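Here is the structure we will look at, set down as structure tokens.
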Amino acid sequence: MERPRHQGMAKNTFMRWRLPLVCLVWEVAMIILFGVFVRFSPEADAHWEEEKRKMNLTSDIENDFYFRYPSFQDVHVMIFVGFGFLMMFLKRYGFGAVGFNFLLAAFGIQWALLMQGWFHSFKSGKILIGVENLINADFCVGSVCIAFGAILGKTSPIQLLVMTLFQVTLFAVNEYILLNLLHVKDAGGSMTIHTFGAYFGLTVTRILYRPNLEQSKDKQGSVYHSDLFAMIGTLYLWMYWPSFNSAISEHGDAQHRAAINTYCSLAACVLTTMAFSSMLQKKGKLDMVHIQNATLAGGVAVGTSAEMMLTPYGSLIVGFICGIVSTVGYVYLTPFLESRLHIQDTCGIHNLHAMPGLIGGIVGAITAAAATEDVYGKEGFIKAFDFTGAYKRRTPSIQGGFQAAGIVVSVLMAFAGGALVGAILKLPVWGDPAAENCFEDDVYWEVPEDEESDVYHMHNPDKPASP
Amino acid sequence: MERPRHQGMAKNTFMRWRLPLVCLVWEVAMIILFGVFVRFSPEADAHWEEEKRKMNLTSDIENDFYFRYPSFQDVHVMIFVGFGFLMMFLKRYGFGAVGFNFLLAAFGIQWALLMQGWFHSFKSGKILIGVENLINADFCVGSVCIAFGAILGKTSPIQLLVMTLFQVTLFAVNEYILLNLLHVKDAGGSMTIHTFGAYFGLTVTRILYRPNLEQSKDKQGSVYHSDLFAMIGTLYLWMYWPSFNSAISEHGDAQHRAAINTYCSLAACVLTTMAFSSMLQKKGKLDMVHIQNATLAGGVAVGTSAEMMLTPYGSLIVGFICGIVSTVGYVYLTPFLESRLHIQDTCGIHNLHAMPGLIGGIVGAITAAAATEDVYGKEGFIKAFDFTGAYKRRTPSIQGGFQAAGIVVSVLMAFAGGALVGAILKLPVWGDPAAENCFEDDVYWEVPEDEESDVYHMHNPDKPASP
Amino acid sequence: MERPRHQGMAKNTFMRWRLPLVCLVWEVAMIILFGVFVRFSPEADAHWEEEKRKMNLTSDIENDFYFRYPSFQDVHVMIFVGFGFLMMFLKRYGFGAVGFNFLLAAFGIQWALLMQGWFHSFKSGKILIGVENLINADFCVGSVCIAFGAILGKTSPIQLLVMTLFQVTLFAVNEYILLNLLHVKDAGGSMTIHTFGAYFGLTVTRILYRPNLEQSKDKQGSVYHSDLFAMIGTLYLWMYWPSFNSAISEHGDAQHRAAINTYCSLAACVLTTMAFSSMLQKKGKLDMVHIQNATLAGGVAVGTSAEMMLTPYGSLIVGFICGIVSTVGYVYLTPFLESRLHIQDTCGIHNLHAMPGLIGGIVGAITAAAATEDVYGKEGFIKAFDFTGAYKRRTPSIQGGFQAAGIVVSVLMAFAGGALVGAILKLPVWGDPAAENCFEDDVYWEVPEDEESDVYHMHNPDKPASP
């Protein structure tokens with residue numbers, strides 16, 4: 001039953017000792033670091049009754065848990081079901097898509113709790129975590145899931161874990177530079193999550209360039225059912241994106257506004273995606289690749305500005321543009337990137353995350369620069385941009401400049417980090433698959449026998465059907 | 001590879017310029033109208049701090065966002081995943097089911113925000129939107145998704161967009177008549193959403209009657225996997241229906257009560273659906289069509305009364321009856337409607353939405369008429385039916401009469417509107433498919449090659465398998 | 001088209017009158033009992049305005065609905081989509097998995113509202129229900145879904161309804177003993193739900209032992225797509241488990257903490273499951289059975305202690321251990337239980353619920369015994385363990401002892417109850433399938449024609465393909 005391997009036979013994809021070793025050692029490290037550093041925030045600690053008195057709160061409903069937990073769960077679904085199922089479009093990589101996404105995200109959130117905790121929730125030697133930390137950890141891992149999209153089907157689980165370790169670290173550093181040093185607003189992560197994650201992943205896949213990938217070309221497409229599974233991912237990302245962009249905004253109007261802006265942007269984006277998907281195809285038929293991906297670009301592109309006074313029509317305009325940009329990207333840019341720049345981008349994250357992320361950063365900079373006390377109200381203006389303390393004298397136009405700087409920093413960090421990590425992943429010790437075994441679950445997964453031998457083998461006439 | 005087309009070849013289903021034109025022009029119109037009219041409600045506006053003082057609120061948690069956002073997200077899932085996947089039962093129309101539902105809903109919510117906004121949230125020349133508007137827009141689109149069920153597989157995406165435009169408009173008018181002029185209660189939309197949407201869709205499909213539909217009969221059924229996908233839709237509709245019926249109820253007890261009543265009604269409905277599904281089949285086997293649909297009738301039928309003091313056992317009775325009515329409808333009424341009245345109802349919305357919607361309206365009228373100060377308490381009585389201002393002197397029995405009038409108005413509006421829209425959709429310019437290409441994704445979608453040529457073609461022995 | 005039946009022909013699986021009779025009579029009984037007993041709790045009753053004044057609440061947001069409804073909906077998804085889809089891994093039992101789970105859960109929640117209501121919400125002759133009762137009813141039914149996992153594919157729907165009736169009853173009794181008599185804490189149900197449910201189901205399947213089950217062995221496996229469907233179940237269980245364990249905890253810090261602890265435990269569990277899944281397989285490939293199930297063991301195992309001050313690193317340790325225990329169980333223990341003890345455990349609930357449930361009980365006992373006023377704060381200590389009234393003088397170590405007693409009681413109740421119910425289910429009147437028809441939807445469901453005849457029959461070469 002062993003399938004014949006050609007030049008790829010040289011590749012050792014045997015995971016039996018390497019994968020367990022990495023998983024177990026790293027998890028033990030997590031336990032030790034959590035033991036030393038991580039404790040509950042006052043709102044999750046049993047001393048809460050005392051805290052309530054201290055903060056002069058009259059009701060348990062004031063606990064941050066009730067402000068953010070529903071949004072947290074929506075974000076959680078986006079990371080695990082949204083990304084996991086969106087990547088299931090490949091005909092023979094469903095286990096890998098959802099399973100490896102599960103693995104890297106489960107590791108990543110732990111490491112993110114630590115990394116982000118050291119930067120943002122560190123008090124008297126301890127990281128104090130609450131629901132907002134869980135959301136931020138999920139956000140951080142979201143950027144890894146994005147990068148995973150570029151290398152989907154071409155890497156071993158160990159490579160993914162290594163990438164996660166480094167990317168989470170760099171994400172936390174980049175986020176710290178943006179949010180704390182540049183005092184940039186980016187609640188929905190157009191810059192920190194999407195721009196950074198996408199250019200990071202694109203750089204990695206460029207460095208891992210496989211010249212012989214056409215050997216597994218027959219497996220790079222979808223089948224009818226895999227496209228339907230992928231739509232589960234698409235819809236959950238689309239529906240819950242308002243929660244994503246509002247999850248860590250300020251209580252009250254900011255969360256409310258962020259959800260509305262995102263809802264509007266996403267709605268517009270669907271219309272222009274459908275329009276251009278049909279228009280750019282000779283027969284005028286709609287392409288599931290576009291529907292699955294470009295419809296989401298509107299959510300990416302208001303990530304920075306959704307909590308600002310972007311206004312509903314502003315959101316529609318952003319969504320309108322991004323549906324077009326993203327769909328055009330899938331049709332013209334992805335083939336160009338692959339053939340000319342040798343960037344093999346399995347899921348087309350350049351179209352869904354990189355370009356819309358850049359647009360999101362720019363829209364955020366413009367929206368911030370255009371802010372006035374008239375539109376926000378005196379208090380609202382200060383609250384929206386946190387123009388307090390050291391930033392008391394910052395003006396909207398200066399803020400806009402810093403926002404723009406945030407885009408540049410994110411892109412540079414992504415290029416540098418991606419180059420470093422790509423180089424590490426190129427080492428011949430991680431058990432990546434041979435070119436002709438890419439996009440194939442069989443390499444790392446036990447695949448059910450009979451399905452493999454019947455339905456699947458029909459597409460592989462060179463493989464004898466099992467008796 | 002082009003499949004031979006018989007008389008249907010005459011039909012021009014080429015979408016390349018028509019669909020993009022409609023999508024882009026309409027979206028530009030949305031942007032302009034939003035630009036002129038739509039702004040944030042005070043609870044989503046950056047002036048919220050001032051508003052809070054004005055309304056004497058002490059905490060951000062009093063923002064309506066926290067009362068309604070979790071329910072909004074559940075409703076959102078029902079519209080996009082619930083309806084989208086429920087309609088995926090057809091063996092070769094999965095892309096169309098989920099994709100066209102996505103398209104029409106994304107357009108519909110924008111137009112609904114405007115239409116409903118002009119009627120209900122218009123202040124000093126602006127529509128002020130908050131989370132409740134988003135829920136209402138989703139509700140309005142829900143009625144379009146229902147009507148879509150009747151014509152599923154037989155229309156072009158442009159026809160669906162045209163229908164959405166008109167149906168949302170008429171929905172808003174009907175809703176205004178019921179809620180504002182008749183002062184009717186209908187928080188879960190038994191009348192405004194289900195009765196109206198279903199009779200609208202049934203009228204449209206009657207007018208679009210296709211005498212030769214048996215030419216695509218082989219594609220009108222399900223396959224094993226398409227039934228499982230459809231169950232995703234069923235379950236999300238079923239689980240989140242308590243959120244649907246409670247989403248726009250008054251804060252506090254009304255939301256709480258609506259959720260409980262709906263939960264009970266739905267539970268009872270499952271039992272009677274299973275009972276009658278088995279009983280009405282010669283071999284006593286359960287039919288997935290019933291499980292996928294009739295189990296939901298209990299949610300439809302408490303749409304009006306769930307926020308009233310229907311009581312848990314009252315809800316069980318309603319669910320009990322509706323499971324039976326709906327299942328019997330699938331077995332006996334749907335074939336009758338098709339053969340005698342020429343109403344081709346792809347999803348059987350007559351059984352899931354029309355009849356249970358009527359029952360829901362009637363139950364609501366009875367429950368309102370039977371209300372007493374004893375049961376509701378003096379304050380609760382006034383609050384539940386909003387017997388204030390001009391309606392201060394309305395009695396329960398008069399309210400019951402108005403509720404009943406609301407049913408009649410909804411049905412008449414649906415017939416008239418459906419006839420109008422059906423006539424428009426009959427124009428030969430919208431690119432609808434030929435009879436033998438109905439229920440077939442291939443007409444409007446790029447369908448993956450190999451799947452089509454292998455697994456699918458096995459069921460079409462007249463079509464040569466590709467090499 | 002009738003398929004030939006061998007010795008199994010003797011089995012009468014005809015459901016036409018039996019299933020409807022049971023469903024209808026029982027549902028009528030529910031209506032009568034609800035009519036006599038069930039009313040709304042003050043927070044869901046129209047008298048809420050008066051109640052608010054009485055309780056001195058200033059805002060509707062203090063209604064328990066807003067504290068618990070989002071978690072309720074997550075739990076609801078776990079019961080219906082989580083369990084329903086997790087059990088869909090069998091290649092030809094998808095309808096039965098999701099459909100029978102739907103049926104038994106819909107009945108079970110009604111009966112649980114009554115049983116648990118009599119024990120816990122009974123006031124002046126009425127059961128007063130609110131959102132917490134809905135959650136508890138879902139919890140109770142969760143234990144039935146667990147037991148269903150052991151007998152999946154081998155029972156008729158009537159048997160499942162009979163089991164549900166008895167198991168819910170015994171669950172309520174056991175829960176009353178633990179929570180009220182022993183004053184044990186078990187918010188996430190490690191003991192009441194998982195330990196009890198699993199040992200109950202294992203006892204039932206032991207008594208229903210089928211010596212000839214290898215006759216349907218070819219249907220006991222999965223196919224590629226059924227594994228992907230099952231992952232939907234897995235992920236929703238995994239993602240929403242923090243809601244499960246925190247849903248009925250005290251308002252404020254306890255809910256917050258329970259969610260964080262569960263999040264951590266589940267994350268760690270994924271890593272060790274992946275590690276051992278690869279390690280225990282000769283070729284080092286990952287096994288979907290482990291990923292689908294063992295990754296969830298971490299949620300089960302912090303069910304008792306999640307609301308306590310288990311701490312994030314404590315949670316990681318528990319998850320770490322349970323991923324290993326559960327995966328090892330699937331590899332070594334399940335075959336042993338089947339061959340030696342004649343326990344045929346279709347879903348391996350011994351590995352996912354029984355062992356992790358026991359561990360959860362033990363971890364809870366230890367965490368309780370180790371509690372100090374220092375860690376919890378004076379008030380927090382009393383609040384966390386409800387050391388008030390008759391329990392004012394209970395110490396942590398005594399509490400730990402009672403917690404341990406709770407484990408023993410749950411196991412004994414499960415054995416006794418499972419033996420009783422197993423004996424009842426063995427009566428030859430319930431229409432269970434013959435050994436060669438186990439794990440086959442065709443027995444109780446209308447299965448789509450063409451799918452059955454083509455794709456499926458390919459795997460059954462002995463069965464002639466239909467023309």
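Numbers restart at 1 for each chain; the letters A, B, ... are given by sequence-line order, proteins then strands. Fair warning: this is a prediction, and the values are worked out from it, not measured in the lab.
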*Using non-hydrogen atoms only, which part of C:N63 is less than 4.5 Å away from chain B: side chain, backbone, both, or neither?*
side chain

*Check whether C:D138 gets within reach of chain B through its side chain, its backbone, both or neither, counting any heavy atom under 4.5 Å.*
both

*Select, from C:V36, C:L103, C:L19, the one with the greatest count of heavy-atom pairs under 4.5 Å involving chain B.*
C:L103

*Contact part of C:F107 toward chain B, heavy-atom cut-off under 4.5 Å: side chain, backbone, both or neither?*
both

*asked:* I'd like to know whether C:S222 forms a side-chain hydrogen bond (donor to acceptor under 3.5 Å, both in side chains) with C:D227, so could you lay out the CA-CA distance, the side-chain angles of the two residues, the decisive distance to 0.1 Å, and finally the verdict.
replied: CA-CA 6 Å; C:S222 65; C:D227 271 329; 2.8 Å; yes

*asked:* I'd like to know which of B:G252, B:G221, B:G323 tops the heavy-atom pair count under 4.5 Å against chain C.
replied: B:G252

_Among B:T295, B:L266, B:I324, which residue has the highest count of heavy-atom pairs closer than 4.5 Å to chain C?_
B:T295

*If you tally heavy-atom pairs under 4.5 Å against chain C, which of B:T272, B:L280, B:N261, B:T273 wins?*
B:N261

*Hey, are C:R53 and C:E50 close enough for a salt bridge, meaning a charged N less than 4.0 Å from a carboxylate O?*
no

*Residue selection (most heavy-atom pairs with chain B, distance under 4.5 Å) from C:I32, C:T58, C:V22, C:I109*: C:I109

_Portion of C:Y69 that has a non-hydrogen atom of chain B nearer than 4.5 angstrom_ = side chain

*Can you tell if the side chain of C:E440 reaches within under 4.5 Å of the side chain of C:Y93, non-hydrogen atoms only?*
no

*Taking the side chain as every heavy atom from C-beta outward, state whether C:V81 and B:M239 have any pair of such atoms under 4.5 Å apart.*
yes

*Which value, rounded to the nearest 0.5 Å, describes the distance between B:M288 atom CE and C:W445 atom CH2?*
5.5 Å

*Side chain, backbone, both or neither: which part of C:V28 has a heavy atom under 4.5 Å from chain B?*
both

*Between B:W241 and B:Y263, is the gap from one ring center to the other below 6.0 Å?*
no

*Specify which of B:E62, B:K282, B:K383 makes the most heavy-atom pairs with chain C at under 4.5 Å.*
B:K282

*asked:* I need the minimum non-hydrogen distance between B:S315 and B:C264, along with the two atoms involved.
replied: CB-CB, 3.8 Å

*Heavy-atom contact with chain C under 4.5 Å, split by part of B:D64*: neither

*Looking only at heavy atoms, what is the nearest atom pair of B:M308 and B:Y376, with distance?*
CB-OH, 3.4 Å

*With the threshold set at 4.0 Å, does a side-chain nitrogen-carboxylate oxygen contact exist between B:R257 and B:E307?*
no

*Using a cut-off of under 4.5 Å on heavy-atom pairs, state which of B:G314, B:A268, B:G380 scores highest against chain C.*
B:A268

*What part of C:Y444 lies closer than 4.5 angstrom to a heavy atom of chain B: side chain, backbone, both or neither?*
backbone

*Which bit of C:E43 comes within less than 4.5 Å of chain B, counting heavy atoms only: side chain, backbone, both or neither?*
both

*When rounded to the nearest 0.5 angstrom, what distance separates CD1 in C:I79 from NE2 in C:H76?*
9.0 Å

*Minimum heavy-atom distance B:A294-B:C269, with the two atoms named*: O-SG, 3.1 Å

_Largest heavy-atom contact set with chain B, pairs under 4.5 Å, which of C:V98, C:D45, C:L161_ = C:D45

_Rounded distance (nearest 0.5 Å) linking atom CG of C:L134 with atom CG of C:L113_ = 6.0 Å

*Hey, which of C:F95, C:F34, C:W48 has the most heavy atom pairs under 4.5 Å with chain B?*
C:F95

*Heavy-atom distances under 4.5 Å only: say whether B:F381 touches chain C with side chain, backbone, both or neither.*
neither

*Select one option (side chain, backbone, both, neither) describing which atoms of C:L33 are under 4.5 Å from chain B's heavy atoms.*
neither

*Closest-packed option against chain B by number of heavy-atom pairs under 4.5 Å, given C:R18, C:M15, C:M30, C:E27*: C:E27

_Heavy-atom check, side chain of B:D287 versus side chain of B:Q281, under 4.5 Å_ = no

*C:W17 versus chain B, heavy atoms under 4.5 Å apart: side chain, backbone, both or neither?*
side chain

*With a 4.5 angstrom heavy-atom cut-off, which part of B:V289 approaches chain C: side chain, backbone, both or neither?*
neither

*Just give me the residue among C:S226, C:G35, C:A46, C:G130 that pairs up with chain B most often, heavy atom to heavy atom, under 4.5 Å.*
C:A46

*Sub-6.0 Å ring centroid separation between C:F229 and B:F229*: yes

*Would you mind telling me which of B:V270, B:L228, B:D74, B:I291 has the largest number of heavy-atom pairs within less than 4.5 Å of chain C?*
B:L228

*Measuring heavy-atom distances to chain B, does C:N133 have an atom under 4.5 Å in its side chain, in its backbone, in both, or in neither?*
neither

*Output yes when B:K185 and B:D386 qualify as a salt bridge under the 4.0 Å nitrogen-oxygen rule, no when they do not.*
no

